[in-house]
> 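Okay, handing you the structure first.
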There are 2 protein chains.
Amino acid sequence: MSDGSRTSRMRRTSVWLEDRPEARRKASGASQTEGLDREKITAAAVRLLDTEGLARFSMRRLAADLGVTAMSVYWYVDRKDDLLELALDAVEGELEVPDAEAEGADWREQLRQAAFALRGLLRRHPWASGTLGSFLNVGPSAMGFQLGVRRVLLRSGLPEQQADGALAALFSFVYGHAAVEESWNRRCSEAGVSSQDCFDALRTALGARPEYTAGAEAVYPVAERDFGVALECVIAGIEAGTRGGRGPAPQGRATPVIPPQPPSPEDR
Amino acid sequence: MSDGSRTSRMRRTSVWLEDRPEARRKASGASQTEGLDREKITAAAVRLLDTEGLARFSMRRLAADLGVTAMSVYWYVDRKDDLLELALDAVEGELEVPDAEAEGADWREQLRQAAFALRGLLRRHPWASGTLGSFLNVGPSAMGFQLGVRRVLLRSGLPEQQADGALAALFSFVYGHAAVEESWNRRCSEAGVSSQDCFDALRTALGARPEYTAGAEAVYPVAERDFGVALECVIAGIEAGTRGGRGPAPQGRATPVIPPQPPSPEDR
DNA sequence: ACCTGAACACCGTTCAAGT
DNA sequence: ACCTGAACACCGTTCAAGT
């Protein structure tokens, strides 16, 4: 369980890799209605994150919500980051793990559903995309979902060596897209401006700079439609890989596409 | 220039949309060797971010590096976030804008180069992916690069309505991938553990949970190769779109793929 | 075993004051 | 025009002490 880093003051890489003293895993058997435990604290953290956002989430506010002193929480959790990891995996429990062996299941449609489900989650809990860029996201719910999607992907006929690349294309894209969308929403709402107004201002500002007049009219908000188009793009790319034609075929081909002429040593 | 939000205490959506009083844009004409200005402050910020990371970057430390009081910086910059936006666009100036009209240029190869260049940038300045999820990234360098890549994309023959979806697929993917990679690197190095050790620990931990034994052996670090595979996947998807076959064709087709059976109203 | 209070070493930012 | 010092309202976290 340990990641071998538990010397003196070293940090842990993830809550999910902690050596938790048995003593603290809840002394008496079942749930008591009185007193705190990790589940109650995590649930309160999710609630606070949902209502206040990541920036205003603090241990002191959380403790206040729980009607307890700020430092009580530290009995159950080593530090704030651990709590954020717990909260992240808790909401990821909302994801339905796709069943690759389901009757008549189409892998394309299952991938679409998984991608939209993940995006829906990141929209319902806007703070989550902020934590995804900081933590490992290897909690039980996240891993279950990821491994489930991986099994679906393998049913497409994609060679196993390419499965993780395709998974990366799918998940990194959904995550990146959600993160960008979220930062637009947050910034605009903090400024009390509609996303449309903000974009109009941006187009005007760019139009004033001579170097961008070519193309500035193409600037507009992250459109609803773009997500679908981009997703189909990724899925079509996976499909191309299954046909062995153009597509994600990394090695052993006449014209190896990876890496094609390194532009700079450190970039590839 | 203004985004219409400059009432009383409202925040701005971006530094790039500020109304900057002419008085503060540098009084006398050219550069002086003495005294501060935005360029010097931004350069110092990039230096500090590169050496210390986003978490340890503070206005007080920056001011100390500049040999000045913490509050002097606020004469040139409204708040810390503005400075981070300036630093982000400053490093994005390292990106070479592709020339869509170049002789004998292949759009696929140009897209590959752009993607690798962006990833290289995010690796040289690991803090940058952390800011990309928080700010609008609409500075002059970022916009120049993005519009340049967009022109390359259009030369593929992809219909204009799909260009932004394809751009989103490409950029969101590179950004998401870099962010995940960065969080692994940072977490492992903070714990003083190699990425490999960390993954071994994770696999062991997952193996101990009965629900993951199926597939746990598939867990391994974000591989170097995955990025290339995923990138080819996106490019193949774009190419599929240009052939009008399967691929990112959003509307007006026999079997509309977007949206296919909404799983839940809020998710699509 | 669980919770508290006081304290430490920081933050970003405001504001009145200096030159 | 530019820079400072003191202050405000917070942080995460440690630690000794309570029950």
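Residue numbering restarts at 1 for every chain, and letters A, B, ... go by the order of the sequence lines.
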> For DNA chain D, just give me the dot-bracket, please: Watson-Crick or G-U, both distances below 3.5 Å, ( ) intra-strand, [ ] crossing earlier pairs, | paired with another strand, . unpaired.
||.|||||...|||||.||
> Enumerate all atom pairs, one protein N or O and one N or O from nucleotides 16-19 of chain D, separated by less than 3.5 Å.
none

> Who passes side chain to side chain donor-acceptor pair (under 3.5 Å) against Asp200(A), sequence neighbours left out?
Gln196(A), Arg203(A)
> What pairs of residues pass the salt bridge (Lys or Arg N to Asp or Glu O under 4.0 Å) test when at least one of them lies in residues 137-147 of chain A, not counting sequence neighbours?
none
> Can you sort out the partners of Ser189(A) under side-chain contact (heavy atoms from CB on, under 4.5 Å), two or more places apart, ordered by chain and number?
none
> Just by modelled atom types, is the Trp16(B) backbone N or O under 3.5 Å from a matching donor or acceptor in the Ser14(B) side chain?
yes
> Go through residues 43-57 of chain B and report each residue with a non-hydrogen atom lying under 4.0 Å from DNA chain C, sorted by number.
Phe57(B)
> Taking side-chain contact (heavy atoms from CB on, under 4.5 Å) as the criterion, tell me which of Leu83(B), Val46(B), Leu132(B), Thr42(B) meets it with Leu88(B).
Leu132(B)
> Taking the C1' atom of each, how far is dA7(C) from dC11(D), in whole Å?
14 Å
> In chain order, what residues pass the salt bridge (charged side-chain N to carboxylate O under 4.0 Å, His left out) check against Asp89(B), with sequence neighbours excluded?
none
> Taking only Lys NZ, Arg NE, NH1 and NH2, and the carboxylate oxygens of Asp or Glu, determine whether Glu18(A) and Arg38(A) approach each other closer than 4.0 Å.
yes
> Roughly, in whole Å, what's the span from CG in Leu62(B) to P in dG12(C)?
10 Å
> Among all residues two or more places apart in sequence or in another chain, which pass the side-chain contact (heavy atoms from CB on, under 4.5 Å) test with Ala179(A)?
Ser129(A), Tyr175(A), Tyr175(B)
> Output the rounded distance in Å from CZ (Arg60(A)) to P (dG12(D)).
7 Å
> Expressed as a whole number of angstroms, how long is the span from Arg61(B):CZ to dC10(C):C1'?
13 Å
> Take the protein atom NZ of Lys80(B) and the nucleotide atom P of dT13(C), then report the distance between them rounded to whole Å.
8 Å
> Who pairs with Phe145(B) by ring pair (Phe, Tyr, Trp, His ring centres under 6.0 Å), at least two apart in sequence or on another chain?
Phe171(B)
> Which of these nucleotides, dT13(D), dC3(C), dT13(C), is closest to any side-chain atom of Arg11(A)?
dT13(D)
> Salt bridge check: are Arg12(B) and Asp82(B) linked by an N-O gap of less than 4.0 Å?
yes
> Do any N or O atoms from the side chain of Arg187(A) and from the backbone of Phe135(B) form a donor-acceptor pair under 3.5 angstrom?
no
> Starting at the 5' end of DNA chain C, which residue's closest nucleotide do you reach first, Gly67(A) or Met59(B)?
Gly67(A)
> For the pair made of CG in Leu66(B) and C1' in dC2(D), what is the distance, rounded to whole Å?
15 Å
> Given side chain to side chain contact (heavy atoms under 4.5 Å, CB included), test Leu136(A) with Leu202(B) step by step and report yes or no.
CA-CA 10 Å; Leu136(A) 294 192; Leu202(B) 177 60; over 6 Å; no
> Using the salt bridge (charged side-chain N to carboxylate O under 4.0 Å, His left out) criterion, which residues pair with Glu182(B)? Sequence neighbours excluded.
Arg186(B)
> Tell me the interatomic distance from Asp37(B), atom CG, to dA1(D), atom P, rounded to whole angstroms.
17 Å
> Show me the donor-acceptor pairs, under 3.5 Å and distance only, between side chains in residues 49-58 of chain B and residues at least two apart or in other chains.
residue  : atom : partner   : partner atom : Å
Asp50(B) : OD1  : His125(B) : ND1          : 2.7
Asp50(B) : OD1  : Trp127(B) : NE1          : 2.7
Asp50(B) : OD2  : His125(B) : ND1          : 3.2
Thr51(B) : OG1  : Arg47(B)  : O            : 3.1
Thr51(B) : OG1  : Leu48(B)  : O            : 3.2
Glu52(B) : OE1  : Arg56(B)  : NE           : 3.2
Glu52(B) : OE1  : Arg61(B)  : NH1          : 3.4
Ser58(B) : OG   : Arg60(B)  : N            : 3.4
Ser58(B) : OG   : Arg61(B)  : N            : 3.1

> Using whole Å, what does the distance between atom C1' of nucleotide dC2(D) and atom CZ of Arg38(B) come to?
15 Å
> Looking at residues 69-77 of chain B, who's got a heavy atom less than 4.0 Å off DNA chain D?
Thr69(B), Met71(B), Ser72(B), Trp75(B), Tyr76(B)
> Rounding to the closest angstrom, what is the interatomic distance between dC8(D) and dC10(C) at atom C1'?
15 Å
> Would you kindly give the NZ-to-C1' distance between Lys40(A) and dC2(C), to the nearest whole Å?
13 Å
